[in-house]
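All residue numbers in this chain count up from 1 along the given sequence. Note that the structure is a prediction, hence the values are computed from the model and not measured.
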Amino acid sequence: MSAFRVFVASALALLLELDLIRYLGTEIPAVGFFKNLVLIGAFLGLGIGLRIRWRLDAALAAVVALIALPLLLVRAAAALGVAGVPFVGSSDDAVLLWHEPRAVTLVLLGASFAVGAAPLVAAGAVLGRYLEEHGRPLGGYGWNLAGSLCGILLFTALSALSLSPRGWFSSTLAIALGLVVAEARRLSRRALVLTAIGAAVVAAALATTRTRDVFWTPYYKVTLAPMGYASGQLTGWGLEVNGTWFQRSFDMRLIDRPEEATENAHDAQSLRYVAPFEVAQPRRVLVLGGGLGNDAASALAHGASEVYVVDIDPDILRLSDRFHPNRPYRDPRVRLIVDDARHFLETDRGRYDLILFGVLEARSLFSQFANLRLDNYVYTREALEAARDRLTDRGVLWLNMWVPKAWVFTKFARLTTEVFGGATAVLHGRGSAHYSFVVCPICSREAVARAVAPLPMVEPATPPEDDGAAVTVPTDDWPYVFFRARGVPLADLALLALLVGLSVLGLRAASPDLFRVDWTFFLLGAGFLLLETNAVVRMALLAGTTWFVNAAVFCGVLLFGLAANAIVARRRPARIGALFAALAAALLVLYGFPFASLLALPHPWGAVSGAALLTLPVLFSSLVFSTLFATVASPSRALGSNLFGAVLGGFAEYGSMLTGNRAIVLIALAIYAGAYLARRLGPEARAAGAHAAP
């Protein structure tokens, strides 16, 4: 029975962690733009919970009650008027979402970090109690991995069904209450009363959560509102994702109305929806990032005979049928493809007269394990090279981009010039921050300018005034489109300092003894998180930045952990040094292998080969962990130290913005070397040496 309790408690902790990551990152948009924020808080909370000694009844009652905490934080932020984001701004080195004043944003980010940690402290205390009761470290760890895998699969299913937070948190509450019922005989009357009160608070918060006119896709929280001219003429619907402006549907029959040059000049709709077709005169069109369907509607209106629309979010494509006045996706000339844009470019073999990069500015991170946005791999040098190969001899590439800072213009101008040479023209939507970068191999900049001259609000671009500071052109190894150059932005450094401070305060407040970690397991946790990060980022390149790939990587990592645990349980390796050596060799192979070359392999063999390369170090690191874990005296202390190390790994992952993603492998190698030295020089090794001495 103790094994099943470990399984359920682990599933509960993982599901609660994912609930918090997605909910807070959605309802408080600034959280969604800062990587690892809630994740690090969750690891910290779970590690603290595994180390402290709460009574079981108190821990279970706290789990139930603290499920309400994120719901109450979002309500409080909304009531104070600081939950939403009034505009999209930018610092000198990164395009970010900021509240005004910025100090309020930092307070809100800190509160989100604390709220991400608090419920996991209680969940960790429950899990730690069950691990100690189980008695066998390796067996308990196996059930912990199996429960975590179940939690990921459950959350993946809830997201795939497009359920709202009401569905996520209700499922989490049901599991927590199931544990309470199973343990009813061991719980005090007071604990049962507190549990009932906590459950009532959570139920009330969920019951009053807004669900009307809100659509939850696997990626976003979507809201739509009607839009029109001052005269009352309805033009379409505006779409917000995660509380920020994203795109609008527009009736293309109104594109020539005078209001477009007066009331809607900032949308630059002639630049985005008319100019591409005046220049290219295409018959076969590829739209990357179709959204609600404006690009497809315009392509059809200009006589295209085939329109291929790629979008990562199937629910937004479905919403087009209700909220686009022209219903473009009903037209038989349109083919819809649900896929990541970069993945489609690498696997498709068609050729197109016009490749149009539509609305691809992501409003969330692909994964809280890495600072990778859904659109990052679409705007790299290698991605544009793949698009170039999909153009016909007379084909035109048209890249629309919002340019809030001069360095964004410089970055995209250099990117297109590096890939296509001197054939890049840049157009500007007068009165807006929208620019179009146009590659037309058979025509000059002057020819492009002549083609769009009749359009009243479109003009050749004059580069915004730049301060001359360096920019880094994005590549597959450094795909950070909306960071100016290599380095950690000041905003991220400020957040990093805040998180470190809160982590130290949290540890001090819980117990000074928490600082007495097992350094071997601490460093194993840090290295493992970096390996997992590397796997997420690189598999996103090979298989697409979709939620399915994200979930598949996490599940694969846990399955390898289970396999390693079973191997060690059957026959424990005699030499831990040999496992560390094999892990180091696998990491060096992963670092030196030309990973991008796998993109040339037929689908799906590139992704399969990449997964094999990425999982080999994961297998050896899991074998190291299970071998050492089998001998620990206190499973909860070792696992808690491991999670504290994962917090360090989360901080270390910020280094990818300076070094690139490939170099993360070397950082992980250095951390694992530290774990090996800690094992050789630690108290366990000294005790073994003393025992062997004559």
Does a side-chain heavy-atom distance below 4.5 Å link W54 with R129?
no

Give, for atom CG of L15 and atom CG of L153, the distance between the pair rounded to the nearest 0.5 Å.
11.0 Å

Within-4.5 Å side-chain heavy-atom neighbours: D315 and V222:
no

Could you tell me whether the side chain of S159 and the main chain of T156 form a donor-acceptor pair under 3.5 Å?
no

What is the distance from atom CG of L498 to atom CG of L109, rounded to the nearest 0.5 Å?
7.5 Å

Side chain to side chain, F169 and L173, heavy atoms closer than 4.5 Å
no

Please find the pair of heavy atoms, one from A123 and one from L46, that lie closest to each other, and give the distance.
C-CD1, 4.3 Å

With a 3.5 Å cut-off and sequence neighbours excluded, list the donor-acceptor pairs that the side chains of residues 65-73 form with protein atoms.
none

Side chains of S636 and E132: do they bring a donor and an acceptor to under 3.5 Å?
yes

Which of parallel (below 30°), tilted (30 to 60°) and perpendicular (above 60°) describes F522 and W519?
perpendicular

Rounded to the nearest 0.5 Å, what's the gap from CG on L177 to OG1 on T195? Could you check?
8.0 Å

When you compare the side chain of V537 with that of N534, does any pair of heavy atoms fall below 4.5 Å?
no

Does any non-hydrogen side-chain atom of V241 lie less than 4.5 Å from one of D313?
no

Might you point out which heavy atoms bring A526 and L648 nearest each other, and give the distance in Å?
CB-CD2, 4.0 Å

Stepwise side chain to side chain contact (heavy atoms under 4.5 Å, CB included) test for V214 and S164
CA-CA 9 Å; V214 176; S164 71; over 6 Å; no

Going through the checks in order, is the side chain to side chain contact (heavy atoms under 4.5 Å, CB included) test met by V193 and I197?
CA-CA 6 Å; V193 170; I197 294 173; 4.0 Å; yes

Supply the atom-to-atom distance I576 CD1 to T520 OG1, rounded to the nearest 0.5 angstrom.
9.5 Å

For the side-chain contact (heavy atoms from CB on, under 4.5 Å) test, which of L643, I48, L120 pairs with F43?
L643

Looking at side-chain heavy atoms only, is the closest gap between F521 and V632 below 4.5 Å?
yes

All heavy atoms of L562 vs all of G142, minimum pair found to be CD2-O, 3.3 Å

With sequence neighbours excluded, residues passing side chain to side chain donor-acceptor pair (under 3.5 Å) with S622
none

So, the side chain of Y672 versus the backbone of F528: is there a donor-acceptor pair under 3.5 Å, distance only?
yes

Any chance you could measure D19, atom CG, to T172, atom OG1, to the nearest 0.5 Å?
3.5 Å

Extract all donor-acceptor atom pairs below 3.5 Å that involve side chains of residues 56-64 and protein atoms in other chains or at least two apart in sequence.
unit_1: D57; atom_1: OD1; unit_2: R55; atom_2: NE; d: 3.4
unit_1: D57; atom_1: OD2; unit_2: R55; atom_2: NH2; d: 2.8
unit_1: D57; atom_1: OD2; unit_2: S188; atom_2: OG; d: 3.1

If you round to the nearest 0.5 Å, how far is OH of Y23 from NZ of K221?
7.5 Å

Tell me the side chain to side chain donor-acceptor pair (under 3.5 Å) pairs involving residues 137-149, sequence neighbours left out?
S10-N144

Should we say atom CZ of R190 is surrounded by more than 12 heavy atoms from elsewhere, each under 6.0 Å from it?
no

Report yes if the side chains of N642 and F629 come closer than 4.5 Å at any heavy-atom pair, otherwise no.
no

Minimal non-hydrogen separation, A646 against L529, with atom names:
O-CD2, 3.1 Å

Derivation of the side chain to side chain contact (heavy atoms under 4.5 Å, CB included) call for V38 and E17:
CA-CA 8 Å; V38 182; E17 176 185 320; over 6 Å; no

Could you please spell out the steps behind the salt bridge (charged side-chain N to carboxylate O under 4.0 Å, His left out) verdict for E183 and R5?
CA-CA 10 Å; E183 298 284 15; R5 289 189 177 99; 2.6 Å; yes

Go through the steps to decide whether L502 and L44 satisfy the test side chain to side chain contact (heavy atoms under 4.5 Å, CB included), and finish with yes or no.
CA-CA 10 Å; L502 289 173; L44 178 67; over 6 Å; no

Qualifying residues under ring pair (Phe, Tyr, Trp, His ring centres under 6.0 Å), relative to F155, sequence neighbours excluded
W168

Are any non-hydrogen side-chain atoms of Y676 and L523 less than 4.5 angstrom apart?
no

Smallest separation among heavy atoms of R53 and R51, with atom names:
NH1-O, 3.4 Å

Return the minimal non-hydrogen interatomic distance between V126 and A9, and the atom names on each side.
CG1-CB, 4.2 Å

Side-chain donor or acceptor of R75 paired with backbone N/O of A205 under 3.5 Å
yes

Just by modelled atom types, is the L623 backbone N or O under 3.5 Å from a matching donor or acceptor in the S626 side chain?
no

Please output the side-chain donor-acceptor pairs of residues 611-620 that fall under 3.5 Å, not counting sequence neighbours, one pair per line with the distance.
unit_1: T615; atom_1: OG1; unit_2: A611; atom_2: O; d: 2.6
unit_1: T615; atom_1: OG1; unit_2: A612; atom_2: O; d: 3.3

